[in-house]
Amino acid sequence: MRIGASLLLKNGFCYQSYRWQFLRPLGTLQNAIKILEERKVDEISIIRYCRGEDDVSTLDHDLDLITKIDCITPLSFGGGIRDVLTLQKIHQLPVERILLSSAYFEKDQMLIEKAIELFGKQALIAVLPYRVSKEKFEYFHCRLNQFLDCDMSFIDKHSNEVMFYNIDLEGCNHAIQLEPHHFPLPNPKIILSGGVNRTFIKKVRNLDFAAVSFDNASLHHEFNFSEL
Amino acid sequence: MSIICSNCLHNDRHPFGISFVDNICSGCYTHQEKNSLDWHSRRESLFHIADLAKKFRSKGLTYDCVIPVRGVAEDYFVIEQILSLELNPLLVAINDYFFNDIGWHNLHNLITIFDLDSQIFSPNFHEYRELVSTSFRKQLHILYPSLSLNCSYPVHVANERGIPLIIWGQLQPLEQVGKFSHLDSVEMTKWSQIEHDRLGYDIAQVIGNGAHLNPQHLVYYDYPIRARNLGSKAPTGIYLSNYLRWDPLKQNNSILKYGFKPQRETATFDPYERAGSSVYYTAHEISRLHRHGYRKVRDHINREIRHGRVSKKNGENLYQYYCTQKINLAPFFDWLDVSESGRQWIFQHLLGQHTDIITDESDSNHIQYSEFLPASIKNMVSTSFAQTVEFVAFGKGI
Amino acid sequence: MGNIRSITNAIERLGLTSNLISDPDNLTSDIIILPGVGSAQLFMHKIRSRRFDIAIKDHVKRGNKIIGICLGFQVMTEFSEEDGGTECLGLIKTQTISLNKLDRILNHNQWEKFSLRKDDLFLSEDHSSLLNQKKRVINGRVFYNHEYGVKIPRNCIHYKSINTDTLRAFASIYYNKNIIGIQFHPEKSQATGIDLLSFIL
């Protein structure tokens with residue numbers, strides 16, 4: 001099981017997000033990456049904070065920032081990838097995998113196929129922010145800024161892995177998570193994120209998930225990812 | 001357009017970063033957490049950490065924790081708390097050559113009154129001064145070398161001696177701007193030191209800016225690469241403010257009984273924070289103003305607003321008052337050995353916009369409180385002393 | 001191409017320089033690096049349409065070094081099963097097949113242990129610009145992300161297999177004189193990857 005870290009990027013700066021409601025600044029992207037690498041993180045996901053419509057100048061500024069970073073760890077990037085032009089811009093970056101969310105809700109086949117053509121199917125990760133309400137999964141559509149249903153079989157077929165992002169526990173690394181939910185996809189296809197802490201990792205270690213991803217907490221404490 | 005917090009005086013420009021929700025800044029938002037946290041159970045967590053550290057002592061080590069100190073009021077409070085946990089600390093201090101007579105008194109008094117072992121490191125003066133000069137010239141930051149040493153050296157000591165715990169006082173990014181939640185229980189990390197204390201760069205980058213120094217001589221200015229294994233863990237650094245409900249003014253006032261001497265300042269009403277420094281409210285103050293656009297007293301005022309001792313309106317008036325207080329840079333330039341033409345160049349090219357508050361005189365004996373300072377605060381800050389000797393080069397005979 | 005930037009950054013980290021070329025006539029370096037992200041069919045189509053296949057083969061015939069990374073390694077084989085089947089460059093006498101075929105694994109996206117001695121690389125001429133480096137052994141971990149793998153022929157000494165029980169039939173690295181193929185991503189394998197690049201560049 002890979003152990004990674006997610007970094008939320010907004011206006012060229014990293015932020016921490018708490019329960020999908022409150023942002024706190026974190027620091028510069030390069031510093032965060034440098035330290036995570038030293039601590040032997042398996043992978044880093046850079047997610048642009050993007051709810052509702054995106055802003056092209058902000059996107060270009062963020063892409064420019066990614067161009068300049070020095071990183072020798074597998075990088076995933078996403079947030080606001082909604083057209084082919086953006087995909088082509090990202091293709092020039094030192095990014096291994098692509099995070100798409102709204103495109104899967106909207107079944108944007110053209111965009112997804114272009115992403116496969118440019119990056120390979122093994123590079124595609126579907127991101128599903130979710131919460132559990134009355135034992136039912138509710139998924140958040142970032143572009144429309146609301147909870148909506150999604151076609152899980154479409155997502156399963158057109159992605160390599162799926163990141164289930166728990167928005168209720170996001171940023172709450174102190175929380176004691178109960179057993180992980182029973183997800184609608186097989187565990188080897190799933191990346192768990194939102195409220196991941198070291199205790200949770202011990203619980204899910206033998207459940208055959210593809211990966212877990214720390215959100216805010218990866219930089220709050222000094223630990224080596226390879227020792228988890 | 002700049003956002004200003006509706007509760008305190010912070011705007012959206014702070015060196016640690018700041019965010020806003022409904023016009024309330026993250027500092028004020030996070031301060032509210034203090035009202036709902038279970039401080040009893042958080043203190044219990046501290047006992048648990050202390051117990052783990054004591055186990056190392058039982059394995060034959062003399063000290064179970066390091067407390068980095070400067071001799072400031074907060075250090076007295078921290079030690080008082082740590083001793084109540086029955087820990088056996090080693091105090092570690094840096095001689096940054098900026099201590100005045102009050103500073104050396106307070107540090108010496110700290111070590112004596114609590115009767116604790118200590119280690120004081122005096123770096124090579126010429127290398128240190130070269131670093132100060134370079135960091136001032138390039139980043140307009142005179143305290144960068146001091147901060148680097150104060151952050152890193154205790155970690156080196158803990159690492160080299162196999163001491164498992166380092167105990168710091170307040171977590172400034174949380175207390176000032178709510179950069180973290182209390183519940184995150186953020187620890188000391190190399191990332192945090194780079195991001196918050198070192199402006200995002202390490203000492204090698206300072207050298208790269210023109211200082212003629214050998215990096216091998218500056219090991220203690222940087223975080224140790226990887227601490228030796230102590231049960232496969234490097235020393236853990238914790239912040240007491242994550243475990244105790246933190247109220248600096250009240251705490252600092254409570255430790256006067258130990259013989260601590262607060263220092264009277266023109267730049268602020270708070271005589272406790274960084275008392276004993278020849279530069280914190282002079283050269284460092286002007287550099288902060290230049291780099292970040294505000295004076296330190298704003299952090300103090302915001303703190304008191306959040307603790308309910310000052311209204312926002314009074315706080316604005318207080319800030320206006322302290323913004324007009326003058327700063328004398330001459331002693332610092334003398335220490336740095338800056339020529340007259342050099343000083344003129346600095347005033348013209350670096351500090352031109354602040355010449356209205358720069359003076360050649362300092363008179364800390366006739367400091368008056370602002371009329372806007374409430375009585376509740378005046379009572380807690382009324383004891384203070386004027387420095388009589390600056391830049392006391394104790395221990396090196398330079 | 002996706003990981004080109006990562007590779008050039010890694011090369012610069014070693015204090016070396018690289019040229020990105022889009023015209024086979026500009027292929028004058030001693031070392032070619034074939035990166036690869038995407039799929040075999042599209043990659044080979046692009047190589048052939050720009051006559052890079054001929055230039056690459058000439059480069060190798062002259063004894064110059066070629067390093068293929070991930071898909072770049074796979075297209076150096078004779079044939080790839082990807083996209084229904086694609087004829088490849090034929091520089092390495094084996095085939096690229098789906099991981100699913102032999103070991104029922106759809107996708108290998110993991111860090112695995114990796115070890116190598118510098119002497120194993122059988123370098124006839126050491127092009128390394130780090131000749132005096134003392135490091136002679138790499139022992140660390142490397143990052144894989146692939147759905148197809150290079151099948152190791154029987155009794156072939158030029159391969160090291162992927163260090164996991166389930167994927168031993170597939171190559172992690174191939175080294176034979178001037179041809180080096182790497183299935184993992186050295187440019188994204190942190191210190192271990194940089195060490196390997198310092199050996200082979």
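Throughout, protein chains are lettered first and strands after them, A, B, ... in sequence-line order, and every chain is numbered starting at 1.
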Enquirer: Provide the full list of salt bridge (Lys or Arg N to Asp or Glu O under 4.0 Å) pairs with a residue in residues 166-183 of chain B, sequence neighbours left out, each pair given once.
Expert: B:K34-B:E175
Enquirer: Considering residues, nucleotides and ligands other than A:E135, do more than 12 of their heavy atoms fall under 6.0 Å from its CD?
Expert: no
Enquirer: Would you check if the side chain of A:E222 reaches a backbone N or O of B:T236 as a donor-acceptor pair within less than 3.5 Å?
Expert: no
Enquirer: Which members of residues 4-25 of chain B, sorted by number, sit under 4.5 angstrom from chain A on a heavy-atom basis?
Expert: B:F16, B:G17, B:I18, B:S19, B:V21
Enquirer: Specify the closest pair of heavy atoms between B:W191 and A:L26, including all atoms of both residues, with the distance to one decimal.
Expert: CZ2-O, 3.2 Å
Enquirer: Can you tell me if NZ on A:K40 sees more than 12 non-hydrogen neighbours from other groups inside 6.0 Å?
Expert: no
Enquirer: If you count heavy-atom pairs under 4.5 Å with chain A, which of B:T189, B:V177, B:V186 comes out on top?
Expert: B:T189
Enquirer: Kindly write out the residues that satisfy salt bridge (Lys or Arg N to Asp or Glu O under 4.0 Å) with A:D168, not counting sequence neighbours, or none if the list is empty.
Expert: none
Enquirer: Tell me, do A:Y18 and B:D184 make a side-chain contact under 4.5 Å, heavy atoms counted?
Expert: yes
Enquirer: B:S26 versus chain A, heavy atoms under 4.5 Å apart: side chain, backbone, both or neither?
Expert: both
Enquirer: Near A:D149 CG, under 6.0 Å, is it more than 12 heavy atoms from other residues, nucleotides or ligands?
Expert: no
Enquirer: Nearest heavy-atom pair of A:R24 and B:T30: which atoms, and what distance?
Expert: NH2-OG1, 2.8 Å
Enquirer: Any ring pair (Phe, Tyr, Trp, His ring centres under 6.0 Å) pairs touching residues 21-72 of chain A, not counting sequence neighbours?
Expert: A:F22-B:Y29
Enquirer: Does any backbone or side-chain atom of A:Q30 lie under 4.5 Å from a heavy atom of chain B? Answer side chain, backbone, both or neither.
Expert: neither
